[in-house]
Amino acid sequence: MAEAACGSGLRAPPPPPPAAAPAATPLATPLSASSPGAVEGRGHGRGQGGQACGDELRLEVAGSHSSAVWVRGLAERWRSRFAAAEARRRGGSEALEQELSLVCGVETLRCPAEALNCDPRSIPPHVELLTLRLRQQYLEKKQRLRPTGAPTNKRIQTMLREMELQYHAKQSEEPEDAIPPGEVLLDVNVYYPIILQRHKCSKPHQVLHVLGSQKLTELRDALPCVSDLQMLGEYSNTPDLAPEHTSRDLYKSAFFYFEGIFYNDMRFPECQDLSRTIVEWASCLDRGLGPFEARSMEDHTFNDLVLKVGFPYLYCHQGDCEHIIIVKDIRMVNPDDCQDRSLYPLLVSKHCFMSRKCLVCKIYTAKWVTNNDELAPEDPCFFCDVCFRMLHYDESGGKVCDFEAFPYVDPGIFN
C-alpha cells in the first residue's frame, strides 16, 4: 500500500460545477521524483488553485514530498486493484497459490550474501544508499552523546512501547464502531508551535493516525496545546481566585491550511474566520500568491482533501499559535491497526517535554510566573504554588512587595 502511495500520483484539476460530481481524469505525474507511475483519479477541492501557484513551486524542494493527491481518488484506486487481485486469486489453482506464497514469501526478501542474523546497528562501509548514510550519522551522533553503558531513560522507552502495544489490533466492542474494509489511514505528524524554537523543526510533538472518513474537526479536537490551557488575567492580588475559563473556552477559532484552502472551525457562534485577513492580503495586490479559498472545517473529511505526502501544512489556533502538520503516509487500514473507530484520531507517539521546575525548591513543577518581581532573581521567574505563597504573601494574605503574577501551564503536563 505504501508502494501505491509512493509510485502513483493524483493532481487536482479545476473543479466541476457545484451540482456535478467530480469527473475522472487520467494523470501521469508521479508522487515522487524517484518513483515513476500513474494513477487515475478525480480532482477535487482546490478550486482554481488546483494547479499549483506559480511562485509556490519555486519555494518547494524537489524530491522532498509527493505530488498533490486526492485522498478519496487514491483510496478508490487501491480498492479496485485489491478487488481485482482477489478475484484473480480466487480464480487461480491451489498449486499456483502455493507457488506464489513460496516465491513471494518474506523468506525470499534476503539476498544470498546477507547474514541471517545481522545487527541493525551495523552499517556496511561504502554504502551509496542515502538512508543508510543518514542512519550511520545518527548512530555515530548517538554514540558521542550517550556512550555505551550510559544510563538511558527507561521510563520514556517503556511508555512509548506501551503506547504502541495498547491498541495493537484492538477490536471494537460495538459493531457500529468497527472500521469497514478499505478504509484509508493517514499518518500525521504535528510539530511544536512555531514560536517554540527548541525541537520546532526536528521532532514532531505528536504522531497521530487519522481515518479518511473522519472530519477535520475530529483532528482539531484531538490536538492538545499548552496555549489552549492558558488562564488569562493577572492574579497577584487574588491568587485564590481560580479562573473560570481557559483560552480554548474563550477563543474557539482555528483553521487548517491544505493546498490553497483554509478550513476554518465555524462550529460555534463566536468562531471567526481567521483566514480572512490572509486571503484579503493575498488578493489585494499582485503578490504572486493564491488564489486562496476558505471553507468550513466541519463540512469536510480527510477523504475530501488534496494534499502532498511529506509537505508541511499549517494548523493555527488562538490567533497566532501555529503548528506545522505533515502527512507522512497514506495507506489502507491493515489487521494490525486498531479496529475501533471511536478511538481515532489515535495517538501513537509523542515527544516528552522537560517540565519547568520551581526556581526556589527545584522539586515541584512551576504553577506561577511573575514579572517585575522585586524578590525574584530573574524576570520572568517561575514558582510552585507553595514557594510562591510563602515568598510573596504575609500571614494575612497581603502582598509583601510589588509584582505581577500569572498562572503558568507547564508543557510537561502532556507527558
Could you state the interatomic distance from [atom1] ([X]) to [atom2] ([Y]), rounded to the nearest 0.5 Å?
X: N189; Y: H323; atom1: CG; atom2: NE2; answer: 14.0 Å
X: C381; Y: L359; atom1: SG; atom2: CG; answer: 4.0 Å
X: R133; Y: Q137; atom1: CZ; atom2: CD; answer: 8.0 Å
X: N264; Y: L274; atom1: CG; atom2: CG; answer: 6.5 Å
X: L346; Y: D187; atom1: CG; atom2: CG; answer: 10.5 Å
X: L129; Y: Q136; atom1: CG; atom2: CD; answer: 13.0 Å

For [X], I'd like to know if atom [atom1] has over 12 heavy atoms of other residues, nucleotides or ligands within 6.0 Å.
X: K357; atom1: NZ; result: yes
X: E140; atom1: CD; result: yes
X: F406; atom1: CZ; result: yes
X: F262; atom1: CZ; result: yes
X: E173; atom1: CD; result: no
X: R389; atom1: CZ; result: yes

Item to check | Quiz item: cation-pi between K399 and F403, 6.0 Å / 45° | outcome: yes
Evaluate the ring planes of [X] and [Y], with Trp represented by its six-membered ring, and classify them as parallel (under 30°), tilted (30 to 60°) or perpendicular (over 60°).
X: Y315; Y: H317; value: parallel
X: F388; Y: W368; value: parallel
X: H300; Y: Y263; value: perpendicular

Side-chain heavy-atom pair [X], [Y] within 4.5 angstrom cut-off:
X: M297; Y: R267; value: no
X: L375; Y: V400; value: yes
X: L219; Y: F256; value: yes
X: I326; Y: Y191; value: yes
X: Y235; Y: P407; value: yes
X: S172; Y: Q339; value: no
X: P239; Y: Y393; value: yes
X: R341; Y: E176; value: no

Next on the checklist: I'd like to know if D265 pairs up with K215 as an ion pair, taking the criterion as any Lys NZ or Arg NE/NH1/NH2 lying under 4.0 Å from an Asp or Glu carboxylate oxygen.
Outcome noted: no
Checklist entry - T301 and N303: side-chain donor and acceptor closer than 3.5 Å? => result no
Item to check | Donor + acceptor pair across side chains of H209, D337 (<3.5 Å) | outcome: no
Checklist entry - Could you go step by step and tell me if F311 and Y313 meet the ring pair (Phe, Tyr, Trp, His ring centres under 6.0 Å) rule? => result CA-CA 6 Å; F311 191 81; Y313 295 107; 5.2 Å; yes
Between [X] and [Y], what is the shortest heavy-atom contact and its length?
X: L208; Y: V348; result: N-CG2, 4.3 Å
X: S213; Y: E183; result: OG-OE2, 2.8 Å
X: E404; Y: E234; result: CA-OE2, 3.3 Å

Checklist entry - Would you say the side-chain atoms of D249 pair up with the backbone N or O of T246, donor to acceptor, closer than 3.5 Å? => result yes
